[in-house]
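Letters A, B, ... are given to chains in the order of the sequence lines, protein chains preceding strands, and every chain is numbered from 1. As the structure is a prediction and not an experimental result, all values here were calculated from the model. Computed from heavy atoms alone, side chains included, the values below leave out hydrogens, waters and symmetry copies.
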Amino acid sequence: MRRLLTGNHAVAWGARLARPKVVPVYPITPQTPVLELLTEFQAAGELDAEFLTPESEHSVMAACIPASLAGARVFTATASQGLMLMHELLHYAAGARAPIVMANVNRTVASPWAFWPDQTDSLAQRDTGWVQLYVESAQEALDTVIQGYRIAEQVSLPVMLNLDAFYVSHALEPVRVPPQALVDAYLPPYAPEHFLDPERGESWGNVVTQDMYCRHRQALGAAMDRVPALAAQADREWQERTGRGWGIVERYRCEGADLVIATLGSMCGTAREAVDELREAGVAAGLLKVRLFRPLPAAALRAALEGVRDVVVLDRNFSPGAGGVLHQELRGALYGMRDAPRVHGYLAGVGGVNVPPGKIVELARGVPRMDSSFEPVWA
Amino acid sequence: MGVMRDLFCSGHAACPGCIEALSLRHVLGALGPDTVAVIPPSCLAIMAGPQPLSGLRIPVYQPPLASSAASASGLRRALDARGRRDTQVVVFAGDGGTYDIGFQCLSSAAERNENLLYVCFDNEGYMNTGAQKSSSTPHFARTGSTPAGKPTKKKNLTAIMAAHEIPYAATASSGFLPDLLRKVEKAKAMRGLRLITLLVPCLDGWGVPEDQGIALARLAVESGVFPLYEVEDGWRYTLNEPRRTRPVREYLQVQRRYRELDEDAVETLQREVDEGWARLLKNSGSEPEFEFEVRAQQPEPGKFGL
């Protein structure tokens, strides 16, 4: 069935189809329509889940973790300050190996107050142990919620899918909503090996020794390492059922490309137009969409950029003192690669500043004359 | 009460003579095995561990300090979703984790009337980190962060929680075990958010000998400093026995945390207790008590070897 949905409502539909049993949630601009549609589904008897509306996002995530550990599939959504307030619990959730799926609407982080698209909120959580995916459209958001559970429950790690404020969260587009039976066949009910229950006597959170802690972190890392292959498989199987696949990275018109633009989220849509314009003008340009950001799919990134002369990284985020986060990450991933491409980092669209296709074309055209620099450039 | 099934194991890491450990053993016994506990960082969490051991014979989830009631809510809802509606979800938290950093989410859980039993093991300070003040620390008490004595009064958690009109809010003392166990049984049979504020003297933090914890827990009640009462639905107050029979001075002079209190401070504390009692009597519709005489009374020789 095709419905005209915003990115937020597509997320809510994805969540509904995944049949979560516990949904703690707190409103925040621009995520609130996710909450509202989910509570409407529940009130109409279309979503059989326990809903909690606690007093803060801190409490939302605090409730998510033991709900997940008690064997329930859990969903929530947040944005910006809400994600910041959850920070302590994000680490806690990953440490507890709780396969929660959360949608985060990427919004500027205060202060000063602003409500614009900017991915600093989620990128600042890159060390918390959450799998992170960045989506470009409402359709991809819906599909990624469902794929997110597939990944999360296979590796016992929480999954965060990120959609840009307004560009994705509030833009209306026709979205294919898959039948419940298709989703049920793709995503079986959550049946964990371990869960909190008086009949089982398992606990979580006890104080551990140095050695136990270290081994626990290694196990978490090993689970992360399995994600790129499992995420790719989850996507392939989804594609077999729906005809739609997104990849863990996507190469758009990268055949024979000298120059590749790399970015996350809604910026990919703009960059596609820029690539088309460059190709028409005879420039061998392509787009590398990084959909899976954590774990960073280093092998896939290296393979995708092999033989490329220049990479233009567009970062709609800013890490003061270091620059753009994707820029840093990509340089790290390509380090030591034979004939590695030159990597040019641009801080483009920070704070929600508009980046039209022409701007990207202009940046790309300037690149062949430049050496790559460690410092990012404000575009 | 019958024979208690011991769900608390020996060999835990509490201090010798710890009243909290004793209280936990009895509360757990009254709750029974169909229970999941949520225990934030606290002395209780030390007793619950360390991995791979467990001090409790029931599942325990240890949340971050600021989130006990929220965590318990999530756990409760997941158990409900799995059809385990009769399993008790109980929070065992200290006063720091309840009155201070965990208060926001506790207030919210009370507003939502989540089906939880919340037992605050109130030892009037951050004792697990070496005795610093919490908002439960009483007026004039010395702690690691109030070396000259706390300049403000103890927060009244039970009254605040009762004001949320939750089904049950009660105070209890380890010094009066039958009363404590009756309250746990009563709370266990109810649904919605139930709170028990359980006063547990901390031997080290309050400065009392390790064989005097129970005597002091009794003295807290007998001096009127910590009255035993219950509030149902936010307005039905019941004053429990025993009521106060002794002056506050007797309670103060046996604790090192009140050392070097001057007469004015003792009188201030007595007045505060008198005022609290007057309010409690009014709320519970009880007869005005007999004229309470503030007397200076020495403890029995050898009772408190300070």
Q: Just wondering, more than 12 heavy atoms not from B:R5 lying within 6.0 Å of its CZ?
A: no

Q: Using a cut-off of under 4.5 Å on heavy-atom pairs, state which of B:R57, B:R77, B:R76 scores highest against chain A.
A: B:R77

Q: Testing the basics here: between A:L196 and B:V60, what is the closest heavy-atom pair and its distance to 0.1 Å?
A: CD2-O, 4.3 Å

Q: Write down the atom of A:P66, the atom of B:S71, and the distance for their closest heavy-atom approach.
A: CG-O, 3.1 Å

Q: Looking only at heavy atoms and a cut-off of under 4.5 Å, which of B:P52, B:P33, B:A66 has the most pairs with chain A?
A: B:A66

Q: I want to check something: taking the side chain as every heavy atom from C-beta on, are A:E199 and B:R84 in contact at a cut-off of under 4.5 Å?
A: yes

Q: Which residue out of B:E114, B:Q104, B:R112, B:Q62 racks up the most heavy-atom pairs below 4.5 Å with chain A?
A: B:Q62

Q: Using non-hydrogen atoms and a 4.5 Å limit, figure out which bit of B:I58 sits close to chain A: side chain, backbone, both or neither.
A: backbone

Q: Under a 4.5 Å heavy-atom cut-off, does chain A meet the side chain of B:L56, its backbone, both or neither?
A: neither

Q: Using non-hydrogen atoms only, which part of B:T87 is less than 4.5 Å away from chain A: side chain, backbone, both, or neither?
A: side chain

Q: Taking side chain as everything from C-beta outward and backbone as N, CA, C, O, which of these in A:E202 sits under 4.5 Å from a heavy atom of chain B? Side chain, backbone, both or neither.
A: backbone

Q: Below 4.5 Å, heavy-atom pairs only: which of B:A45, B:A70, B:A109, B:A37 has the largest tally toward chain A?
A: B:A70

Q: What part of A:V22 is in contact with chain B, defined as an atom under 4.5 angstrom from a non-hydrogen atom: side chain, backbone, both or neither?
A: side chain

Q: Which members of residues 34-60 of chain A, sorted by number, sit under 4.5 angstrom from chain B on a heavy-atom basis?
A: A:E50, A:F51, A:L52, A:T53, A:P54, A:E55, A:S56, A:H58, A:S59

Q: To the nearest 0.5 Å, what is the distance between CG on B:L79 and CZ on A:F195?
A: 10.0 Å

Q: Please check if atom CG in B:N156 has more than 12 non-hydrogen atoms from other residues, nucleotides or ligands closer than 6.0 Å.
A: yes

Q: Please lay out, stage by stage, how B:Q51 and A:T209 fare under the test side-chain contact (heavy atoms from CB on, under 4.5 Å).
A: CA-CA 8 Å; B:Q51 192 75 0; A:T209 63; over 6 Å; no

Q: Let's test your reading of the structure: which of B:A78, B:P64, B:P50 forms the most heavy-atom pairs below 4.5 Å with chain A?
A: B:P64

Q: Counting heavy atoms not belonging to B:K186, are there more than 12 under 6.0 Å from its NZ?
A: yes

Q: Report the option among B:A81, B:S67, B:C105 that has the most heavy-atom pairs separated by less than 4.5 Å from atoms of chain A.
A: B:C105

Q: Considering all heavy atoms of both residues, which atom of B:G49 and which atom of A:N206 are nearest to each other, and what is their separation?
A: CA-OD1, 2.9 Å

Q: Rounded at 0.5 Å granularity, tell me how far CD1 in B:I39 sits from OG in A:S203.
A: 8.5 Å

